[in-house]
Enquirer: 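Input: one structure, supplied below.
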Amino acid sequence: MNATLCATRSASLAERPPGKLLIEKGSIVEETSGRESGAITETRLSHEMHRVATALLVDAVDRESVPVESLSVFRDFVVANLRHHHETEDAWLWPQILAAAPETAQPLEELSREHERLEAALDRLAAAEVDERPTGRAALRAAALEVRESVRLHLEHEEPVLFPALRDRITPEQWDAFSRRVIASAPMVAGHLTIRLFEEVGTPEEVSSALANLPEDLRRLIPAMSDQAAVELRVLRGIDS
């Protein structure tokens, strides 16, 4: 998904009618009073970031112009952030949802099993060699493709369960506590890329909402982190400066 497509998608999201159920490419967004909750906005942007990042990794593997170091760092970013995302859901968010909505037990269990399968795919991706030549990256490409498809399918299953639960069963106070805990434990691998990818998939207002729980000292660095990430993403996309 390129930046133009992401911008178009973000504009369409911003213009949607208030109080409407949005279903787009397998994802579902529930709204009330014309605005998403902060929990849904933050989660949706995280999911879109993972969709874009995993697709970009597959593309970058085949791109001869991408330096090995850049490809390796981005692979590590994808692995670390996907692991952190599903581990925090299993450990912290699922128990809160289950306590408030016992009827979600079976779908949450199924989603956790999908997390386990994704974890195995991430292990294969992390172990794949980043060869100097695109022709020597067959194992890396296969692993990246498996992760991309696993993420796409998993999010199609997760969003119809998770978004309504976040809207109806998780209070703003619970979400803020969860969000701060997630941020405090976030992996340090190329974290600036998250900022720029959020900006690609969300409107400025949505990004501001999603990053509201960043510590103040990090919020001051957002413009610089975004600029640095923009340069690195151009390299991965094979775009000349």
Side-chain angles (χ1 to χ4, degrees), residues 27 29-30 32 35-54 76-102 104-105 107-119 122-123 126 147 150-151 154-155 157-199 201-202 205-222 225-226 229:
S27 68
V29 176
E30 296 275 6
T32 56
R35 293 182 63 85
E36 290 179 352
S37 68
I40 292 178
T41 296
E42 188 172 340
T43 302
R44 177 168 56 77
L45 263 63
S46 293
H47 287 185
E48 290 302 316
M49 178 194 72
H50 292 314
R51 287 181 172 107
V52 171
T54 54
D76 292 347
F77 165 81
V78 168
V79 170
N81 279 272
L82 277 171
R83 277 183 171 153
H84 181 252
H85 183 79
H86 71 243
E87 286 171 356
T88 56
E89 286 181 335
D90 286 332
W92 303 332
L93 187 56
W94 282 190
Q96 286 191 332
I97 293 174
L98 186 59
T104 62
L108 291 179
E109 183 178 348
E110 292 171 355
L111 292 172
S112 290
R113 285 199 293 268
E114 289 187 1
H115 286 168
E116 293 173 1
R117 291 193 289 273
L118 177 57
E119 181 69 18
L122 291 171
D123 285 343
V147 167
S150 294
V151 166
H154 173 65
L155 294 181
H157 296 162
E158 182 175 281
E159 288 172 345
V161 176
L162 179 55
F163 288 162
L166 292 178
R167 182 198 63 194
D168 297 333
R169 301 305 184 107
I170 298 299
T171 68
E173 293 75 19
Q174 286 176 314
W175 179 260
D176 280 345
F178 170 74
S179 178
R180 292 178 190 280
R181 196 175 184 185
V182 168
I183 288 171
S185 61
M188 302 300 292
V189 180
H192 58 292
L193 293 173
T194 299
I195 303 295
R196 187 67 183 192
L197 289 170
F198 270 11
E199 291 172 348
V201 302
E205 294 77 14
E206 289 169 341
V207 174
S208 179
S209 174
L211 300 178
N213 284 320
L214 276 179
E216 178 60 32
D217 57 339
L218 286 181
R219 285 205 299 272
R220 289 196 295 267
L221 297 176
I222 285 176
M225 290 191 291
S226 175

Enquirer: Are V182 and H84 side-chain neighbours, meaning at least one heavy-atom pair lies under 4.5 Å?
Expert: yes
Enquirer: Any chance you could measure E109, atom CD, to L98, atom CG, to the nearest 0.5 Å?
Expert: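 Nearest 0.5 Å value for the CD-CG distance: 10.0 Å.
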Enquirer: Work out which heavy atom in S209 is nearest to a heavy atom in G38; give both atom names and the distance.
Expert: OG-CA, 4.1 Å
Enquirer: Can you list everything that forms a ring pair (Phe, Tyr, Trp, His ring centres under 6.0 Å) with H192? Sequence neighbours excluded, please.
Expert: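 H192: no ring pair (Phe, Tyr, Trp, His ring centres under 6.0 Å) contacts found.
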Enquirer: Between R113 and E116, is the closest basic N to carboxylate O distance under 4.0 Å?
Expert: no
Enquirer: If I take atom CZ from residue F178 and atom OG1 from residue T43, how far apart are they, to the nearest 0.5 angstrom?
Expert: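 The OG1 atom of T43 is 7.0 Å from CZ of F178, to the nearest 0.5 Å.
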Enquirer: Report yes if some heavy atom in the side chain of V52 is under 4.5 Å from a heavy atom in the side chain of F198; otherwise report no.
Expert: no
Enquirer: Would L93 and T88 satisfy side-chain contact (heavy atoms from CB on, under 4.5 Å), going step by step from the backbone distance to the final call?
Expert: CA-CA 7 Å; L93 187 56; T88 56; over 6 Å; no
Enquirer: Is there a side-chain contact (heavy atoms from CB on, under 4.5 Å) between L214 and I222? Walk through the geometry before answering.
Expert: CA-CA 10 Å; L214 276 179; I222 285 176; 4.1 Å; yes
Enquirer: Hey, what do you get for CD (E89) to CD (Q96), rounding to the nearest 0.5 Å?
Expert: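 If we round to the nearest 0.5 Å, E89:CD and Q96:CD are 12.0 Å apart.
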Enquirer: Give a yes or no answer on whether the side chain of R169 reaches the backbone of A100 with a donor-acceptor pair at less than 3.5 Å.
Expert: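 Yes; judged by distance alone, with no hydrogens or angles, the pair exists.
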Enquirer: For the pair W94 and S112, evaluate side-chain hydrogen bond (donor to acceptor under 3.5 Å, both in side chains) and give the outcome as yes or no after the intermediate values.
Expert: CA-CA 9 Å; W94 282 190; S112 290; 3.2 Å; yes
Enquirer: How far does CG of N213 sit from CG of L218, to the nearest 0.5 angstrom?
Expert: 12.0 Å
Enquirer: Apply side-chain contact (heavy atoms from CB on, under 4.5 Å) to the pair E119 and E87, showing each step before the final yes or no.
Expert: CA-CA 9 Å; E119 181 69 18; E87 286 171 356; 4.3 Å; yes
Enquirer: Hey, mind stepping through H85 and V151 against side-chain contact (heavy atoms from CB on, under 4.5 Å) and telling me if it holds?
Expert: CA-CA 11 Å; H85 183 79; V151 166; over 6 Å; no
Enquirer: Looking at residues at least two apart in the chain, or sitting in another chain, which of them share a side-chain contact (heavy atoms from CB on, under 4.5 Å) with E114?
Expert: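 Partners of E114 under the side-chain contact (heavy atoms from CB on, under 4.5 Å) test: L111, R117, H154, H157.
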Enquirer: With a 4.5 Å heavy-atom cut-off, do L193 and N81 have their side chains touching?
Expert: no
Enquirer: Rounded to the nearest 0.5 Å, what separation is found between the CD1 atom of I40 and the CG atom of L45?
Expert: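 Interatomic distance, I40 CD1 to L45 CG, rounded to 0.5 Å: 12.5 Å.
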Enquirer: Should I183 and P215 count as side-chain neighbours, where that means a heavy-atom distance under 4.5 Å?
Expert: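 Of all side-chain heavy-atom pairs linking P215 with I183, at least one is under 4.5 Å.
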Enquirer: To the nearest 0.5 Å, what is the distance between CG on D90 and NE2 on H115?
Expert: 5.5 Å
Enquirer: Between H47 and L162, is any pair of side-chain heavy atoms under 4.5 Å apart?
Expert: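 In short, these two side chains touch, coming nearer than 4.5 Å.
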